[in-house]
Visitor: 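A single structure is presented below for examination.
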2 protein chains.
Amino acid sequence: MKLQQNTVRLDPWDLRILSEIQANGRISKSELANRVHLSASACSERLRTLQSAGIIEGFYARLSPALTGSVIFVMVEVVLDRHHLQDQRHFETAIQDVPEVLDCWAIGGRVDYLMRVAAPSMVAYQDFMDRLLQTGLRIDQYYSLVVTKSVKANSPIPVSALAEQ
Amino acid sequence: MKLQQNTVRLDPWDLRILSEIQANGRISKSELANRVHLSASACSERLRTLQSAGIIEGFYARLSPALTGSVIFVMVEVVLDRHHLQDQRHFETAIQDVPEVLDCWAIGGRVDYLMRVAAPSMVAYQDFMDRLLQTGLRIDQYYSLVVTKSVKANSPIPVSALAEQ
DNA sequence: CCTGAAATCTATAGGTA
DNA sequence: TACCTATAGATTTCAGG
């Protein structure tokens with residue numbers, strides 16, 4: 001892996017590491033080294049570099065969507081009332097500190113943002129949105145799409161898509 | 001943690017473990033034990049139980065959405081042409097083996113499914129959808145919402161939502 | 001990039017409440 | 001049953017090539 005003026009060049013070894021660790025985040029470094037055919041130390045070093053370069057943002061456990069059945073997910077489409085840059089920045093910054101918002105994507109077109117929200121119940125969800133509307137985020141409209149089933153969750157990004165053209 | 005006829009009761013220790021590991025999937029077990037105030041062996045045992053009970057589905061690395069800039073994400077709303085149970089099952093099963101589809105949620109209302117799709121380019125994306133339409137999945141309509149920015153990604157589910165009522 | 005040894009972590013066995 | 005401590009074995013880190 002080479003770092004050159006903020007641009008990262010990922011070589012085939014890096015891609016193999018990413019691909020592996022993306023699907024199997026807690027294997028030991030020695031096992032990872034075996035799978036990508038590197039020594040433990042070299043592999044460990046690359047892993048550290050990939051992390052500090054921000055290519056690997058972090059590691060997490062995925063919990064069962066069912067869990068104890070006590071969590072519901074709602075996809076929320078959000079339209080802001082103005083599209084000023086500072087309003088977007090404000091919204092995007094504020095949303096970071098709202099734990100109920102698990103994901104948020106900016107989207108061109110019909111709506112401005114799509115968010116995935118977790119709540120203990122429908123009542124709690126509605127409560128949450130009511131509160132969110134009063135926080136000066138300039139939300140004009142929102143549409144709630146209740147998730148009835150998590151069909152597929154956070155599958156790894158295919159390595160082919162990671163490779164440089 | 002008690003397992004009783006397929007129902008899992010999570011005690012405060014389990015919740016602390018889940019909360020920690022959800023945000024920090026690769027800390028050592030001894031460090032995890034410190035943080036939740038358990039001995040390494042007890043903590044390790046609980047972790048194993050949480051995994052084999054399916055509460056923890058797995059561990060993953062989260063990669064930077066920017067990466068090398070060579071991946072685009074598209075949210076795709078899908079409407080099936082019939083709502084027969086077997087068509088839904090077919091769609092949901094088939095989608096599991098399509099690597100481009102990273103997430104898929106079933107949604108009540110305007111559309112049937114919402115999927116997050118990764119592709120190396122817009123051309124590749126359109127290609128992918130054209131192929132998907134020809135696979136007999138009975139897709140009637142689809143709407144593409146191109147993600148212009150990943151504002152927040154896979155934030156941990158708040159522990160309060162995990163706790164039993 | 002590799003090897004090899006010191007430091008750290010994990011799994012297991014045995015003991016207590 | 002669920003926790004603890006102790007320890008042997010595995011893993012990780014780091015110095016040197």
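Chain naming here is simple, since letters A, B, ... match the order of the sequence lines and numbering starts at 1 in each. Any value given below was found using the heavy atoms of this structure, including those in side chains, with hydrogens, waters and symmetry copies removed.
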Visitor: Starting the side chain at C-beta, find the nucleotide from C/dC1, D/dC3, D/dT12 nearest to A/Ser28.
Guide: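 Nearest listed nucleotide: D/dT12.
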
Visitor: Within less than 4.0 Å of OP1 or OP2 of D/dC3, is there a side-chain N or O belonging to B/Ser39?
Guide: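 No, B/Ser39 has no side-chain N/O under 4.0 Å of OP1/OP2 on D/dC3.
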
Visitor: Less than 4.0 angstrom between a side-chain N/O of B/Arg46 and OP1 or OP2 of D/dC3, yes or no?
Guide: yes

Visitor: Without decimals, in angstroms, what is the distance between B/Ile27 CD1 and C/dT10 C1'?
Guide: 14 Å

Visitor: Validate the cation-pi geometry between A/Arg116 and A/Phe73: distance from NZ or CZ to the six-membered ring centre under 6.0 Å, angle to the ring axis within 45°.
Guide: yes

Visitor: Do the side-chain N and O atoms of B/Asp130 and B/Gln134 include a donor-acceptor pair separated by under 3.5 angstrom?
Guide: no

Visitor: Whole angstroms only, please: what is the CG-C1' distance between B/Leu10 and D/dA2?
Guide: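 After rounding, the reported distance stands at 16 Å.
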
Visitor: Where the side chain of B/Ser41 is concerned, which of C/dC1, D/dC3, C/dT12 is the nearest nucleotide?
Guide: C/dT12

Visitor: Whole-Å distance between C/dC1 P and A/Glu45 CD?
Guide: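 Distance, rounded to whole Å: 8 Å.
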
Visitor: Taking the nucleotide of DNA chain C with the closest heavy atom to each, which residue, A/Arg26 or A/Leu38, is nearer the 5' end?
Guide: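 By nearest-heavy-atom nucleotide position, the 5'-most residue is A/Leu38.
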
Visitor: Rounding to a whole Å, what distance do you find between B/Arg48:CZ and D/dT1:P?
Guide: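 One finds 15 Å between P of D/dT1 and CZ of B/Arg48, rounded.
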
Visitor: Can B/Arg26 be said to sit on top of B/Phe59's aromatic six-ring, NZ or CZ under 6.0 Å from centre and within 45° of the ring axis?
Guide: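 No, B/Arg26 does not lie over the aromatic ring of B/Phe59.
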
Visitor: Return the value, rounded to whole Å, for the distance between atom CG of B/Asp11 and atom C1' of D/dT1.
Guide: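 These atoms are roughly 13 Å apart.
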
Visitor: Do the side-chain N or O atoms of A/Lys29 get closer than 4.0 angstrom to the phosphate oxygens (OP1, OP2) of D/dA10?
Guide: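 False: A/Lys29 side-chain N/O out of range (4.0 Å or more) of D/dA10 OP1/OP2.
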
Visitor: B/Ser30 side chain N/O closer than 4.0 Å to the phosphate oxygens (OP1, OP2) of C/dT10?
Guide: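 For B/Ser30, the contact criterion (side-chain N or O under 4.0 Å from OP1 or OP2 of C/dT10) is met.
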
Visitor: Do side-chain atoms of B/Glu20 reach the backbone of B/Arg35 as a donor and acceptor pair under 3.5 angstrom?
Guide: no

Visitor: Reckon B/Ser44 touches a base, only the sugar-phosphate, or nothing at all at heavy-atom distances under 4.0 Å?
Guide: sugar-phosphate

Visitor: Can the ring centres of A/Tyr113 and A/Phe91 be said to be less than 6.0 Å apart?
Guide: yes

Visitor: Rounding to an integer number of Å, can you tell me how far B/Asn34 CG sits from D/dC4 P?
Guide: 12 Å

